[in-house]
Amino acid sequence: MPVNPTNAVIDRAVSVGVHEDALPPSTRERYPAARIGRGFIPPLPPGGDPRKVFDRIRELARPWEGGGVYVSYKPAPREVAAGRWAAVHREIGAWLERHPWVGIIVHHEPEGGEHRLDGETFRAVFDRSRNEIKTGWPGARVAYCAMAYQWRPAGRAAQDPGPWRRVVADEYLCDVYSGMNENNGAFPAHLILPEHPGFMGWFAAIVRPRLAAGAAVTYGLGERGFMGDDGLRAATIRRESAWLATVFDRYAADRKPLDLPPSVYLAWSSVGREDEKGWLLTDDSAVAMRELTDDLARH
């Protein structure tokens, strides 16, 4: 089902998906409840034409009509500040009015990686980009998608959360991974969301204060990956599914804003840019994810 950008406190549609290196019909054969996906556009070379990004957004969005998709891109901060993206951003916004099932992520995982930004720079890039897009259409959904790794207690964002907290977005997403190998020692494979220091750090800094203030917040998982022994992954996914069920049940019972459940859950089953096959869901872990997405889609 498409992301519901209306009153998130009253209307609890939850959008689920599984990101694979496959077209939507193929993914839905394995995960019938999966309706949303992700598309990624690499940064342009210096001086590159921003219209190439708009062309790519349209190309990536086309297969997802009837479901929903988040498309992310990384505009150069100096070029945004100089106004080189303003006209294209307005055109993207006008296009989104005719394609409301498409969400835009400006500079996903800005806290870390090769193209990381400091908090103030990201806030400036995001604010201007979002404002320009919404000039084209005020109803556009422009999301801030965070990197959980940098929200662990020793993480870069957690050490200086102020600028990140001040980012105003239409949706707040977080990319969260549980798993270890020789190249990835971030978090143990058995951690579900309420045990995950990166997710909980991000939630406490970004989402909870807005819920406490009574804001209508749309938040969720932009990428949710699991790596490790297939049996352990399947058990972890089922524990996470059971925990999510308690979150929805509690909110249904008390309707307290602080208990608001996530409205987006997008699982990850792709080798990604790092070509790490360990993130691919296989055997019982794929069955467990099908169960999780089926359960979430009922909410």
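- With sequence neighbours left out, Phe126 forms a ring-ring contact (aromatic ring centres under 6.0 Å, His included) with Phe122.
- Glu65 is linked by a side-chain contact (heavy atoms from CB on, under 4.5 Å) to Trp101, counting only residues two or more places apart in sequence or in another chain.
- At distances below 3.5 Å, not a single donor-acceptor pair connects side-chain atoms of Ser285 with backbone N or O atoms of Leu281.
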Go through the steps to decide whether Thr135 and His89 satisfy the test side-chain contact (heavy atoms from CB on, under 4.5 Å), and finish with yes or no. CA-CA 8 Å; Thr135 297; His89 278 156; over 6 Å; no
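- Partners of Ile41 by side-chain contact (heavy atoms from CB on, under 4.5 Å), not counting sequence neighbours, listed by chain and number: Val53, Arg56, Ile57, Leu60, Val71, Tyr73.
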Test side-chain contact (heavy atoms from CB on, under 4.5 Å) on Glu240 and Phe226 and set out the steps. CA-CA 11 Å; Glu240 184 150 298; Phe226 300 86; 3.7 Å; yes
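- Checked for salt-bridge contact, Lys52 and Asp55 miss the test: no charged N lies under 4.0 Å from a carboxylate O.
- Here the side chain of Lys134 pairs a donor or acceptor atom with the backbone of Ala140 at under 3.5 angstrom.
- A donor-acceptor pair under 3.5 Å links the side-chain atoms of Arg210 to the main chain of Ile206, judged by distance alone.
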Checking His108 against Met147 for the side-chain contact (heavy atoms from CB on, under 4.5 Å) test, could you report, in this order, the C-alpha distance in whole Å, the side-chain angles of both residues, the deciding distance, and whether it holds? CA-CA 8 Å; His108 84 279; Met147 173 189 273; over 6 Å; no
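- The existence of a salt bridge linking Arg238 and Asp284 is confirmed by a sub-4.0 Å separation between a basic side-chain nitrogen and an acidic carboxylate oxygen.
- Checked against a 6.0 Å centroid threshold, the rings of Trp202 and Tyr172 do not count as neighbours.
- Between the side chain of Glu132 and the main chain of Ala87, no donor-acceptor pair closer than 3.5 Å is present.
- Considering only residues two or more places apart in sequence or on other chains, Asp295 meets the side-chain contact (heavy atoms from CB on, under 4.5 Å) condition with Ser241, Arg298.
- Closest of all the heavy-atom pairs between Leu193 and Phe199 is O-CD2, 3.5 Å.
- In this structure, Asp275 pairs ionically with Lys277, as a charged nitrogen and a carboxylate oxygen lie closer than 4.0 Å.
- Rounding to the nearest 0.5 angstrom, the gap separating the CZ atom in Phe187 from the OH atom in Tyr149 is 7.0 Å.
- From Glu20, atom CD reaches atom CZ of Arg38 across 15.0 Å, with rounding to the nearest 0.5 Å.
- Between Arg166 and Asp127, none of the side-chain N atoms (NZ, or NE/NH1/NH2) sits under 4.0 Å from a carboxylate O, so this pair counts as no salt bridge.
- Annotation: Phe40 is in aromatic contact with His19 [ring centroid separation under 6.0 Å].
- Residues that satisfy the side chain to side chain donor-acceptor pair (under 3.5 Å) test with Arg28, not counting sequence neighbours, are absent from this structure.
- Classification of Arg156 and Glu111 as a salt-bridged pair fails, no side-chain N sitting under 4.0 Å from a carboxylate O.
- To the nearest 0.5 Å, atom CD of residue Glu109 and atom SG of residue Cys174 are 8.5 Å apart.
- Summarising the geometry, atom CZ belonging to Arg35 is positioned 10.0 Å from atom CH2 belonging to Trp64; distances are rounded to the nearest 0.5 Å.
- Considering CD1 of Ile105 and CG of Leu173, their distance stands at 5.5 Å, rounded to 0.5 Å.
- How far CG of Leu211 is from CG of Leu258: 6.0 Å, rounded to the nearest 0.5 Å.
- By the 4.0 Å N-to-carboxylate-O rule, Arg239 lies close enough to Glu195 to be salt-bridged with it.
- Residues meeting the side chain to side chain donor-acceptor pair (under 3.5 Å) test with Thr121, sequence neighbours left out: Asp118.
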